[in-house]
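To start, the structure itself, in structure tokens.
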Amino acid sequence: MGYIELMGISKSYNKQSNVLNGIDLTIEKGEFFVLVGPSGSGKSTLLRMIAGLEEISGGTLKISGEIVNHLPPKNRNLSMVFQNYALYPHLSVEQNILFGLHAKKIDKEIQRKRLEETAEMMGLSELLKRKPRELSGGQRQRVALARAVVSEAPLCLMDEPLSNLDAKLRANMRIEIRRLQKRLGLTMVYVTHDQVEAMTMGDRIMVLNDGIIQQVGEPIELYNKPANLFVATFIGSPKMNLGKAVLKDSKLLIENALEVPLEQMEVPTSLQNRDLVIGLRAEHMPHGSEQHQIQKVEIVNVEHLGNETLISFEVGTELWTAKWLGQWLVQVGDIVPIHISVENMCFFDADTGCLIQEAAFSQKQEVVSK
Amino acid sequence: MSMTKPMPDALEIQEINFESVKRKQRVKSFTKGMLFLLPSIVLFGVFLFYPLFKTMYLSFFLTNARGETTVFVGLQNYIEMFTSPIFHQSMKSTFLFVLYTVPTTIIIALLLAVLANEKLKGIGFFRTIFSSTMGISVAAASVFWLYMFHPSIGFLNRILNLIGLESIGWLTDPNWALIAVAVTTIWMNLGFTFLVLLGGLQSIDSYLYESADIDGAGYFYKLRRITIPMLSPTLFFVITVTIINAFQTFGQIDILTQGGPQNTTNLIVYSIYREAFSNYQFGTASAQAIVLFIIILVMTIIQFKLGERKVHYQ
Amino acid sequence: MTMPISKKILFYFLLSIAALVVFAPALMAFVMSFMENKDIMTGTIPQSLSFDNYLKAFEQFPLLKYLFNSLVVSIVITIGQLVLSSLAAYAFVFLEFKGRDMLFFLFIATMMVPFEASIIPNFHIIRDLNWIDQYPGLTVPFFATAFGTFLLRQNFKQIPKELREASQIVGMGDFKFYLKVVLPVAKTSLVTLGAYGFLTSWNMYLWPLLSTTNDTVRTVQIGLKQLQTQEQLNDWGVIMSGAIIVIIPTLILLFLGQKQLQKGLTEGAIK
């Protein structure tokens, strides 16, 4: 039995159309669980329902085996970190950290001890007397985290906690939050719209769109085996290249423009005689040197990232991007050979958008890792 | 079968529990909301809504000196009021008074606000002076002007005499008394109106002026094309507030003229006061109070309706 | 952008003239309050200025008592207004319950009822409560204000909802949150409303005139009227000194809080 269990959870406002629909989910104790999705997908609403800040319209929510649908937030034994940190502007850092303990009337002696420990851990010992407005963005963030840590609640909820920080600080805080969570053995439910954050932090990720679960799984699983086209394009950067395709005489015709030979790959019956969408990751289209399965494409855009080079080209009406390791001195208009293999392709149903078959390449990899 | 049967039941029981918990929470949050609002609601009820209905009720009766109803007279009080020449005079004076005070107050206050909106050294001092009349009470202001209007030693008549004109009986001449009261009122309201208009001016985005400067617009062009239109919500608010205030004028009259001479300054609130607390005619006074209420009501509704786009409270 | 000197001079000239005209009545009263009566009567420039008029005003009239009464009445009304309107504003911003919108409309409706229109029954209520010549009679009817509620509501709405949610998670109740977080955070707008409330209550005229019949709780405004009507000798110096005393507290308040008031009034009204 999981630590948090959601059974058929739904949310609607004014009994009208649902914001969230039939969410079934189990989160394990000590897990770093990320809810990711575009804005308006319902991820924050779901988090707030777990917190008890939002009424649950339907379904059952259990925390450590107990039904908590009806319990107010304070009886759910959790802490929460908000996007805007929700620091009390008139209170000092110390008073902000102790706010919850004070409200719960915890013994003064214990308060002091926990404050010292937490401040030490978060590197706030020097700032205790300051007001929030005298702190930098990163320091405020730390105070918000400290408030969650000091509560010693086993469950911590975070709602886009890093989105107000600049890119560099954000990368640091990602690691810091992750380490904190492991060190304290917290169960973490973390909401973000940033797939990089989700991929780098989560033990498991749930992708949510329009109030419906798209996929739940480990980061690598989501990357290699996206359950549908939404996940395929949402996870990973640059996004997965997609193209309409049909199987024809042992060849795969993509966007009526690209013909890829099937080679020795056996064609499953599930792929035959239907409209397909194929997906191909940018890094799976290297420069075609001596290999076979080479396509000639005309470059329409080049991005030099230093350690790698992004090459864009047109396939029918789609714009595809390939990622080549190293620095390539190519220019727009050049015709370059590129390696495109069926082995690396994911196959989706064109009508439903669901995955039919994952890339053969990743199947092999999984075998290796196991 | 025996295993699966109890399951839905158990679920249903839970559902019912949630519903009752939800209902309890709703009752609880309603009670909490009411507790926060109760003090205000009770006081509004006792000192505002109840007296309003009581006033309506009283307006259909004759009363004794203690204000207890004696005889039901129906609309008689209203009929008498509308046929009474004194009330006619009172209404006429009230509307004239509004006409004298409102435009003048706003124009002068606007001029002062435009002047005081310039970024000059020491402008704070002038702003303080211009807003100062807001801090001067009706009683004090009336006493100041009582001197200004004094027939023999008053400042105004001294000035008139100095330039060879005859003295004016500011407060005793029926042709001048209402004007004298209006002048006092304009002066008193200047501070508040100035302060609000200045606030409105300062909230106009300065880049509008900068872009007009780039286009080479002149001072008065900017005033007419940027300042006044951008200020219109504030102006609108100030106009309605000043009108409502003008209808509620009392203190100046009580100190300066007591409604005289020949009832020319017997504005409606003073008329109500005199009818109720000097003549003890609470019935007819109530009928007049209802007229005042309706005037203010209409003014407020106009303010809400016309100003809906600009003056919203939600 | 800097102004050319000639334009600057023009502005200073206009400002000075305007300031002189606006301030003239108060200024004259101020000067007269230090003049001897015979100088006032003849309109001559005084030879010497003295505090005699002030001493006389305090001797002949219980001005100190009136001032004290006004102070008590104004402070009590101010506190009452702050408490009631902050509670109501809290409910309108942070609490969700059935009928809230209807009650909000009720508050708006109160702005359509002028106090003067309901003054007759109000007087009878105060009389029947035996509150004539009592502090409660002068103060309690003014505790509830729609204006104050709207002004504070505007301000409370700027407090992030997350502050309330963070406090809910640690189990803090609404009243405690109101007391410990909302009031301190909204301090400046409370000060603004307080200053405005004090100003208007200090300057109240009609109601104190009706609800006081003797000196026990009579406010200084009514005292000034008494001074003016009873000063048979037409001693303008004494009358003016009384008037100056009356306006000093509010003028000081206005000078200190002018910026705040201006912002508060515009926000409460226009937003």
Side-chain angles (χ1 to χ4, degrees), chain B residues 29-30 32-33 36-37 39-40 43-44 47-48 51-52 54-55 58 67 112 115 118 120 126 128-132 134-140 143-145 147-148 153 155 158 187 190 195-196 198-200 233-234 237 248 250-251 255 269 276 282 285-286 289 292-293 296-297 300 311 313, chain C residues 11 14-15 18-19 22-23 25-26 28-29 40-41 43 84 87-88 90-91 95-98 100 103 108 110-114 116-118 120-122 124 141 143-144 150 174 199 203 205-206 210 221 224-225 228 236 239 243 246-247 250-251 253-255 258 261-263 265-266 269-270:
Chain B
S29 63
F30 178 77
K32 206 178 343 176
F36 274 87
L37 289 171
S40 290
L43 288 190
F44 276 141
F47 295 108
L48 199 115
L52 181 67
K54 189 68 190 289
T55 307
L58 282 176
L112 293 180
L115 275 181
E118 293 296 332
L120 290 168
F126 291 104
T128 308
I129 294 288
F130 294 158
S131 59
S132 67
M134 188 185 164
I136 294 173
S137 68
V138 191
V143 166
F144 293 171
W145 284 91
Y147 159 74
M148 302 290 278
I153 64 162
F155 181 74
R158 277 193 177 148
W187 184 75
L190 220 46
L195 213 54
V196 175
L198 182 64
T234 319
F237 165 74
Q248 290 168 301
F250 175 79
I255 290 179
V269 174
F282 292 107
S286 293
L292 173 68
F293 165 66
I296 303 282
L297 182 73
T300 323
V311 189
Y313 291 91
Chain C
F11 267 111
L14 289 174
L15 280 165
V22 168
F23 212 55
M28 273 183 234
I40 296 171
M41 286 304 184
L84 262 65
L87 280 171
Y90 183 88
L95 299 178
E96 266 170 46
F97 56 93
K98 226 179 155 190
R100 191 181 75 166
L103 285 169
I108 291 181
T110 64
M111 296 176 83
M112 303 183 187
V113 186
E116 287 79 0
S118 58
I120 297 164
N122 262 316
H124 292 151
F143 282 178
F150 292 143
D174 273 291
L199 207 72
N203 290 345
Y205 186 81
L206 176 53
L210 281 178
Q221 306 296 339
L224 181 59
K225 184 202 152 107
Q228 178 258 319
W236 282 97
I239 298 173
V246 167
I247 63 171
T250 43
L251 279 187
L253 193 68
L254 191 72
F255 294 162
Q258 185 208 337
L261 269 175
Q262 179 193 322
K263 224 179 113 222
L265 290 177
T266 333
I270 310 295

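The analysis underlying the following values was restricted to heavy atoms, covering all of them including side chains, and did not include hydrogens, waters or symmetry mates. Lettering follows sequence order; numbering is per chain, from 1.
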[X], part contacting chain C, at a heavy-atom distance under 4.5 Å:
X         : answer
Ser137(B) : both
Ile136(B) : both
Phe30(B)  : both
Met134(B) : both

Partner chain B: residue of [options] with the largest heavy-atom pair count (under 4.5 Å):
options                                   : answer
Val246(C), Ile247(C), Leu253(C)           : Ile247(C)
Ala91(C), Ala117(C), Ala88(C)             : Ala117(C)
Leu84(C), Leu15(C), Leu87(C), Val113(C)   : Leu15(C)
Ile40(C), Thr110(C), Leu103(C), Leu251(C) : Thr110(C)
Ile120(C), Leu224(C), Leu95(C)            : Ile120(C)

* Structure fact -> The reported gap from CE in Met112(C) to CG in Leu52(B) (rounded to nearest 0.5 angstrom) is 12.0 Å

* Geometric class of the Tyr205(C)/Phe250(B) ring pair [parallel <30°, tilted 30-60°, perpendicular >60°] -> tilted

Which atom of [X] lies closest to which atom of [Y], heavy atoms considered:
X         : Y         : value
Ser131(B) : Leu254(C) : O-CD2, 3.1 Å
Asn122(C) : Pro51(B)  : OD1-CG, 3.7 Å
Ser29(B)  : Glu96(C)  : OG-O, 3.7 Å
Gly67(B)  : His124(C) : CA-CE1, 3.6 Å

* Are any side-chain N or O atoms of Thr250(C) and backbone N or O atoms of Gly135(B), one a donor and one an acceptor, separated by less than 3.5 Å? -> yes

